[in-house]
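Notes to accompany the following structure.
All residue numbers in this chain count up from 1 along the given sequence.
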Amino acid sequence: MFHVILAVGFSFVYIIHSVPCVMALDQEQPIDINGSLFVKPGVGKTFRALHFPNATRTFKLRGNQTNNLFTLIEGKIQIGEGPKLHVHHNEDETFRVIRGQLQFIIGNETFCAPTGSVVYGRRGINMSFINVDSPDAYVEFLFSPSGIEHYFDEVSVVYTTVPYNASKADAVANKYGMDMFGFPNWKDIGCITPKTNDAA
């Protein structure tokens, strides 16, 4: 469809080609566009990420789709939900808080990350998070390089098996280069920012 718009006060005419936003893409997989990818809302494999009820995440992009550069995951974080204190040895993990707020431990810092925050956790550092009281918390997780999806593929089976075997889950984590410690003794610290800032 073409729209012709006369620019008042000027002697020329703008001709704009209007392209409607058509989701001509009815697939349930990322769509290849000249070697790049388009992922529609709602597309992706959902899996159990932790032992908490309804602790699910969705793979948006896996390593075999990103030349093994990164894995992209997203999901709602239930109130009271969060992983054990742990260390990644094979990948960095970046969190983007889309909605709500989470409390984080990164190294020896405990702080609050409200909506819009980005938290980068480098490999080799202790990290954990929890949703203290945010009913709509939603987070995007980027792991670089990729590979963490294979851990989630395997550990999600452990998390959905009754009774849940915590030692087996930890063993799967060790297999994929993570050290798992106990659950932190969380307390509501309010929304404070980290005390140190060494970033350039």
Side-chain angles (χ1 to χ4, degrees), residues 42-63 70-107 109-115 117-189:
V43 169
K45 178 185 175 185
T46 298
F47 62 95
R48 183 78 167 270
L50 294 169
H51 74 280
F52 297 91
N54 302 315
T56 58
R57 310 279 187 271
T58 300
F59 287 119
K60 304 307 289 185
L61 289 169
R62 297 173 63 104
F70 67 90
T71 299
L72 186 65
I73 296 171
E74 66 178 28
K76 182 174 182 177
I77 313 300
Q78 307 291 330
I79 292 176
E81 178 189 330
K84 292 180 177 179
L85 191 67
H86 63 281
V87 174
H88 292 267
H89 293 290
N90 296 337
E91 58 275 318
D92 300 337
E93 182 172 7
T94 302
F95 310 81
R96 181 167 177 252
V97 183
I98 306 296
R99 292 195 308 268
Q101 65 181 31
L102 299 180
Q103 194 166 305
F104 276 88
I105 293 175
I106 300 290
E109 291 282 354
T110 300
F111 58 94
C112 171
T115 298
S117 299
V118 174
V119 178
Y120 166 69
R122 61 174 174 80
R123 71 195 77 181
I125 195 168
N126 291 350
M127 66 174 70
S128 186
F129 65 84
I130 192 171
N131 178 357
V132 176
D133 59 2
S134 189
D136 62 346
Y138 201 87
V139 178
E140 188 176 70
F141 305 82
L142 188 144
F143 298 88
S144 55
S146 66
I148 196 74
E149 59 267 42
H150 306 303
Y151 159 72
F152 285 120
D153 288 339
E154 191 168 333
V155 80
S156 62
V157 176
V158 180
Y159 287 141
T160 54
T161 300
V162 180
Y164 159 62
N165 187 325
S167 296
K168 190 170 183 181
D170 288 352
V172 175
N174 294 154
K175 174 181 174 182
Y176 289 97
M178 283 176 281
D179 296 330
M180 306 299 288
F181 309 110
F183 286 99
N185 183 19
W186 292 105
K187 56 186 176 183
D188 189 356
I189 59 171

Could you pull out the closest heavy-atom pair between [X] and [Y], with the gap in Å?
| X | Y | result |
| --- | --- | --- |
| Val118 | Thr94 | CG1-CG2, 3.7 Å |
| Glu74 | Tyr138 | OE2-OH, 2.9 Å |
| Asn131 | Ala137 | ND2-CB, 3.5 Å |
| Thr115 | Arg99 | OG1-C, 3.6 Å |
| Pro83 | Pro184 | O-CD, 4.2 Å |
| Ser146 | Thr71 | CB-OG1, 3.2 Å |

Original post:
Would you say the side-chain atoms of Asp92 pair up with the backbone N or O of Arg123, donor to acceptor, closer than 3.5 Å?
Top reply: yes
Subject >> Expected output: side-chain Ser134 to main-chain Gln101 donor-acceptor under 3.5 Å >> reply: yes
Original post:
Roughly how far apart are Glu81 CD and Thr56 OG1, rounded to 0.5 Å?
Top reply: 8.0 Å
**OP:** Can you measure from CD1 (Ile148) to CG (Leu72) and round to the nearest 0.5 angstrom?
**Re:** 13.5 Å
Subject >> Any Ser128 side-chain heavy atom under 4.5 Å of Phe181 side chain >> reply: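 A side-chain contact under 4.5 Å is absent here.
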Original post:
Would His86 and Glu93 satisfy side-chain contact (heavy atoms from CB on, under 4.5 Å), going step by step from the backbone distance to the final call?
Top reply: CA-CA 12 Å; His86 63 281; Glu93 182 172 7; 4.1 Å; yes
Should the pair [X] and [Y] be assigned to parallel (<30°), tilted (30 to 60°) or perpendicular (>60°) ring geometry?
| X | Y | value |
| --- | --- | --- |
| Phe143 | His88 | tilted |
| Phe104 | Phe111 | parallel |
| Phe59 | Phe47 | parallel |
| Phe183 | Phe52 | perpendicular |

**OP:** Could you check Leu50 against Arg57 for side-chain contact (heavy atoms from CB on, under 4.5 Å), going step by step and ending with a plain yes or no?
**Re:** CA-CA 9 Å; Leu50 294 169; Arg57 310 279 187 271; 3.9 Å; yes
Can you list, pair by pair, the side-chain donor-acceptor contacts under 3.5 Å of residues 170-180, counting residues two or more places apart and other chains?
{"residue": "Asp170", "atom": "OD1", "partner": "Lys84", "partner atom": "NZ", "Å": "3.2"}
{"residue": "Asp170", "atom": "OD2", "partner": "Lys84", "partner atom": "NZ", "Å": "3.0"}
{"residue": "Asn174", "atom": "ND2", "partner": "Met178", "partner atom": "O", "Å": "2.7"}
{"residue": "Lys175", "atom": "NZ", "partner": "Glu154", "partner atom": "OE1", "Å": "3.0"}
{"residue": "Lys175", "atom": "NZ", "partner": "Glu154", "partner atom": "OE2", "Å": "3.4"}
{"residue": "Tyr176", "atom": "OH", "partner": "Glu154", "partner atom": "OE1", "Å": "2.9"}
{"residue": "Asp179", "atom": "OD2", "partner": "His89", "partner atom": "NE2", "Å": "2.7"}

**OP:** Report the residues that fulfil ring-ring contact (aromatic ring centres under 6.0 Å, His included) with Tyr151, sequence neighbours left out, ordered by chain and then residue number.
**Re:** none
Subject >> Step-by-step side-chain contact (heavy atoms from CB on, under 4.5 Å) determination, Tyr120 to Ile106 >> reply: CA-CA 9 Å; Tyr120 166 69; Ile106 300 290; over 6 Å; no
